[in-house]
There are 2 protein chains.
Amino acid sequence: MTQKQEQLSKNQQIVLNIIEKAKGPLKAYSILYNVQKRGIKAPLQVYRALEKLIEIGKIHKIESKNAFIACKNSDCEISKATAFSICNNCEHVKEIKNTKLSKYLSNFVDNSGMKYKKYNLEFFGLCKDCKLKQ
Amino acid sequence: MTQKQEQLSKNQQIVLNIIEKAKGPLKAYSILYNVQKRGIKAPLQVYRALEKLIEIGKIHKIESKNAFIACKNSDCEISKATAFSICNNCEHVKEIKNTKLSKYLSNFVDNSGMKYKKYNLEFFGLCKDCKLKQ
DNA sequence: ATAACAAACGTTATATTATAACAAATTAAG
DNA sequence: CTTAATTTGTTATAATATAACGTTTGTTAT
Ligand SMILES: [Zn+2]
Ligand SMILES: [Zn+2]
Ligand SMILES: [Zn+2]
Ligand SMILES: [Zn+2]
């Protein structure tokens, strides 16, 4: 088994599966509850898996919600540059994949001449469904 | 005293003072510790003041740090549109005041045609000091 | 294969961040 | 003054996250 490939460990795979199946972002303790039947018993096991999955870009943390979502954008392999759309009403979250935006932000230079390798952007508004229902 | 002006309550003023005096973002329980000599005894008193101060745009929450910083940008009165520069090394945080950036983001329309009233952007990199020391 | 190292695991305890619930006090308006 | 709204004080508890420690597993190089 000389798989040079990036191979996830058991717990990492379990946690990733749950997050990928979910419709929206999941909270750590909700993940814990969901994986207890698979042998994961303690918060730390979940948090360690989350940390690794974030590191390799498989998931992202939605900071304003303390929740975790699967990456839907193959380009952000190292979680460097993320942007999300968050509905204030139904809490629906979507990763924004927009080349212009990511280029704009990656090339952004602030007033002091500083450039940034990494950013996280969270947009808030009403999603289409919620806008109609208003 | 018919001050139509937005007037802060006692606790709100105490908390705001601490945050404005600080060099960087403060955490809620660090604020609590700092204001105990002024009569604020419980976390809730701090969190309630923080909530109000955020609402009126006097301070912002740095989501990736669970910390609070005074607004340095008179334009974001209602905390709608915020952008920060965060140093990965020394944790220095600075609010970004850049008209082009804020216009770009406020006018951003995603692939589904959705526009956003509110956003929070956190840039990560090395500040000038830390870049030199490398 | 086996020694040496790194990564992941399991477990318990604890730290940190944030809110619920309820009653009392203060302030703003009619 | 009366009423409503906001703010306060207080206790308890919920929710989120990490420390510390020892064990196991996986990788790499002899
Ligand atoms: Zn992504
Ligand atoms: Zn919605
Ligand atoms: Zn501001
Ligand atoms: Zn720095």
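Per chain, numbering begins at 1; letters A, B, ... match sequence-line order.
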Output the rounded distance in Å from [atom1] ([X]) to [atom2] ([N]).
{"X": "Ile14(B)", "N": "dT7(D)", "atom1": "CD1", "atom2": "P", "result": "14 Å"}
{"X": "Arg38(A)", "N": "dG10(C)", "atom1": "CZ", "atom2": "C1'", "result": "17 Å"}
{"X": "Asn11(A)", "N": "dG26(D)", "atom1": "CG", "atom2": "P", "result": "12 Å"}
{"X": "Lys10(A)", "N": "dG26(D)", "atom1": "NZ", "atom2": "P", "result": "11 Å"}
{"X": "Gln7(B)", "N": "dT6(D)", "atom1": "CD", "atom2": "P", "result": "16 Å"}
{"X": "Leu44(B)", "N": "dT11(D)", "atom1": "CG", "atom2": "P", "result": "12 Å"}
{"X": "Leu32(B)", "N": "dT17(C)", "atom1": "CG", "atom2": "C1'", "result": "12 Å"}
{"X": "Lys52(B)", "N": "dA18(C)", "atom1": "NZ", "atom2": "P", "result": "20 Å"}

Counting just side-chain N and O atoms, does [X] come under 4.0 Å of either OP1 or OP2 of [N]?
{"X": "Ser9(A)", "N": "dC9(C)", "answer": "yes"}
{"X": "Lys41(B)", "N": "dG9(D)", "answer": "no"}
{"X": "Asn66(A)", "N": "dA17(D)", "answer": "yes"}
{"X": "Gln45(A)", "N": "dG10(C)", "answer": "yes"}

Closest nucleotide among dT19(C), dA8(C), dT7(D) to the Tyr47(B) side chain: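 Per side-chain heavy atoms of Tyr47(B), the pick is dT19(C).
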
Nucleotide nearest Arg48(A) when distance is taken to its side chain, options dT16(D), dC9(C), dT12(C): dC9(C)

Heavy-atom side-chain proximity of Ile40(B) to Val15(B) below 4.5 angstrom: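 They are in contact (side-chain heavy atoms under 4.5 Å apart), so the answer is yes.
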
Parallel, tilted or perpendicular, as decided by the 30° and 60° cut-offs, for the rings of His60(A) and Phe84(A): perpendicular

Aromatic ring pairing Tyr29(B)/Tyr47(B), orientation class (parallel under 30°, perpendicular over 60°, tilted between):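 Perpendicular, since the angle between the ring planes exceeds 60°.
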
Any donor-acceptor N/O pair under 3.5 Å between dA14(D) base and Tyr29(A) side chain: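 Flag unset: no donor-acceptor pair detected.
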
Electrostatic pair Lys65(A):Glu91(A) at N-O distance under 4.0 angstrom: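 Yes, charged N to carboxylate O under 4.0 Å.
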
Sugar-phosphate, base or nothing in reach of Lys61(B), heavy atoms under 4.0 Å: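 Sugar-phosphate: the residue Lys61(B), judged by heavy atoms under 4.0 Å, touches backbone atoms but no base.
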
Whether Ser106(A) side chain and Lys103(A) backbone form a donor-acceptor pair below 3.5 Å: no

Base-pairing assignment for dA4(D) (Watson-Crick or G-U wobble, both under 3.5 Å):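 By the stated definition (distances under 3.5 Å), dT27(C) pairs with dA4(D).
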
